[in-house]
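Working notes, structure below.
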Protein chains: 2
Amino acid sequence: MSARPPHAPTKLELLELLAAIGTAQWRDFTATAARHGLTATQAKVLAQLGSGPLPMRGLADRLVCDASNITGIVDRLEDHGLVRREPSATDRRVKNVVTTERGHETILRVREEMQATHSALDHLDDEERATLHGLLDRLRPSMESPF
Amino acid sequence: MSARPPHAPTKLELLELLAAIGTAQWRDFTATAARHGLTATQAKVLAQLGSGPLPMRGLADRLVCDASNITGIVDRLEDHGLVRREPSATDRRVKNVVTTERGHETILRVREEMQATHSALDHLDDEERATLHGLLDRLRPSMESPF
DNA sequence: TATTGTTATACTCTATAACTATA
DNA sequence: TATAGTTATAGAGTATAACAATA
């Protein structure tokens with residue numbers, strides 16, 4: 001009987017619910033990535049590269065972490081043959097990171113499994129999904145992360 | 001003009017939006033905890049102890065991680081004087097973890113700052129908050145984590 | 001001078017396996 | 001036998017600081 005709160009929830013209640021869902025989401029994402037031999041961070045990087053190559057620095061911006069971390073993360077992805085470093089044609093300092101064919105297929109499979117696994121969303125009808133999407137979208141201040 | 005999607009969002013769209021918000025939420029939580037000298041995990045443990053002591057094993061269950069990790073996490077919290085280990089009166093194997101006065105105050109301050117910082121929720125009125133809460137609550141399959 | 005990527009370093013979190021002391 | 005907590009170990013992510021190459 002917890003489908004609807006009797007009164008307007010407090011800010012803290014909503015924050016904690018969001019946090020709980022965020023935690024669970026990350027846990028699910030981690031588990032799904034692991035089933036494909038990836039860590040959550042590696043899967044995230046692969047997802048970021050879905051719309052095209054990015055320089056190391058660009059990846060650091062998307063992951064919101066220090067640039068020095070990217071070296072190791074991309075190293076490990078490269079070791080697994082999922083990604084390649086290519087020199088930029090216009091700036092000899094930058095290296096563009098590109099997914100290999102195998103990297104592309106891998107992230108597609110992770111995405112598919114995410115959809116298949118997350119049955120929670122199946123409990124909402126189209127109108128409810130639209131409403132939720134609208135509300136969540138307004139909640140997002142300046143979050144870029146597609147994953 | 002992205003307040004409402006023109007059509008019912010796909011499952012993948014909703015999943016990615018949830019993931020984005022989850023990531024941002026965790027990032028904010030990490031930053032807030034850091035301002036109080038804590039890691040996100042440490043703040044999470046402290047939050048779990050808000051409603052009373054828990055055995056090490058109980059903490060592992062709440063954090064959904066292996067029990068061996070809890071030793072180090074509680075060690076560090078104890079080093080900072082935020083938590084204490086107390087022997088159970090009924091089972092000499094178990095140790096109950098209790099917040100110290102300072103630990104209690106710290107987590108209260110973290111919670112306060114979370115509310116003060118998260119201005120995104122201020123853009124929703126009471127009815128919208130109630131709607132969002134209701135939808136999110138139905139999304140949660142078996143997530144316990146209060147934080 | 002500023003920026004890109006890297007290295008070195010240290011800390012935290014994570015899982016696995018083996019151990020102890022209790023139950 | 002099973003459970004609670006610990007230790008040892010290894011891998012991954014994170015930040016800071018310093019560096020070389022390039023802009």
Side-chain angles (χ1 to χ4, degrees), chain A residues 23 26-46 48 53-80 82-98 145 147, chain B residues 23 26-46 48 53-80 82-98 145 147:
Chain A
T23 302
W26 183 253
R27 193 157 53 224
D28 288 348
F29 184 51
T30 302
T32 303
R35 263 175 252 122
H36 294 267
L38 299 171
T39 66
T41 302
Q42 287 165 359
K44 208 164 146 184
V45 166
L46 236 37
Q48 298 287 351
L54 278 176
M56 305 289 284
R57 175 67 47 172
L59 281 174
D61 292 341
R62 304 293 189 97
L63 296 214
V64 195
C65 74
D66 191 85
S68 63
N69 300 318
I70 305 297
T71 301
I73 296 172
V74 169
D75 279 351
R76 289 181 279 275
L77 281 171
E78 215 166 18
D79 290 344
H80 290 102
L82 302 168
V83 123
R84 245 189 350 260
R85 272 181 249 233
E86 293 187 346
S88 162
T90 58
D91 187 333
R92 281 163 46 189
R93 291 174 304 179
V94 350
K95 298 176 186 173
N96 289 310
V97 185
V98 215
S145 38
F147 244 32
Chain B
T23 303
W26 182 254
R27 193 157 55 224
D28 288 349
F29 184 51
T30 302
T32 303
R35 264 176 251 121
H36 295 267
L38 299 170
T39 66
T41 304
Q42 287 164 359
K44 209 162 146 185
V45 166
L46 235 36
Q48 299 285 353
L54 279 176
M56 305 290 284
R57 175 68 45 173
L59 280 174
D61 292 341
R62 305 292 188 99
L63 296 215
V64 194
C65 73
D66 191 86
S68 64
N69 301 317
I70 305 297
T71 302
I73 295 171
V74 169
D75 279 350
R76 289 181 279 276
L77 280 170
E78 215 166 19
D79 290 344
H80 288 104
L82 301 169
V83 123
R84 243 188 352 258
R85 271 181 249 234
E86 292 187 346
S88 161
T90 59
D91 188 333
R92 278 162 50 188
R93 291 174 303 178
V94 351
K95 298 175 186 174
N96 289 310
V97 185
V98 215
S145 38
F147 244 32

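Lettering of chains follows the sequences in order, A, B, ..., and the numbering in each one begins at 1.
- One interatomic measurement links the two molecules: CG of B:L63 to C1' of C:dT14, which rounds to 12 Å at whole-angstrom precision.
- As rounded to whole Å, 10 Å separates atom C1' of D:dG13 from atom CD of A:Q42.
- Of the candidates D:dT14, D:dA15, D:dA4, the closest approach to any side-chain atom of A:D66 belongs to D:dA15.
- Taken to the nearest 0.5 Å, the CD atom of A:Q48 stands 6.0 Å off from the CG atom of A:L63.
- We find the CZ-CZ distance between B:R57 and B:R93 to be 10.0 Å, quoted to the nearest 0.5 Å.
- The pair B:R76-B:E78 does not meet the salt-bridge criterion, since no charged nitrogen lies less than 4.0 angstrom from a carboxylate oxygen.
- Side-chain proximity of B:M56 to C:dT6, D:dT6, D:dT14: nearest is D:dT6.
- Considering A:D75, A:L59, A:D61 in turn, A:L59 is the only one that fulfils the side chain to side chain contact (heavy atoms under 4.5 Å, CB included) rule with A:I70.
- A straight line from CG of B:D91 to P of D:dA4 spans 8 Å, rounded to a whole angstrom.
- Contact annotation: side chain of A:R93 to base of C:dT3, donor-acceptor pair present below 3.5 Å.
- Distances shorter than 4.0 Å separate some side-chain N or O of A:K95 from OP1 or OP2 on C:dT6.
- The side chain of B:T71 lies closest to D:dT6 when the candidates are D:dT6, C:dT4, D:dT16.
- When the C1' atom of C:dT6 is taken as reference, atom CD of A:E78 falls 14 Å away, rounded to whole Å.
- For the OP1/OP2 pair of C:dT6 and a distance below 4.0 Å, the side-chain nitrogens and oxygens of A:R57 include no atom meeting the criterion.
- For the side chain to side chain contact (heavy atoms under 4.5 Å, CB included) test with B:R85, the passing option among B:N96, B:V74, B:L77 is B:V74; the others fail.
- With rounding to whole Å, B:I73 atom CD1 is found 14 Å from D:dT6 atom C1'.
- Regarding B:W26, its CH2 atom lies at a distance of 16 Å from the P atom of D:dG13, rounded to whole Å.
- D:dG11 atom C1' lies 14 Å from atom CG of A:D75, rounded to whole Å.
- With rounding to whole Å, A:N96 atom CG is found 12 Å from C:dT4 atom P.
- Listed pair A:R85 / C:dT6 meets the phosphate criterion, a side-chain N or O lying under 4.0 Å from OP1 or OP2.
- One N or O donor and one acceptor, one from the side chain of B:S68 and one from the base of C:dT16, sit under 3.5 Å apart.
- Residue B:T39 has its side chain nearest to C:dC13 when only C:dA23, C:dC13, C:dG5 are considered.
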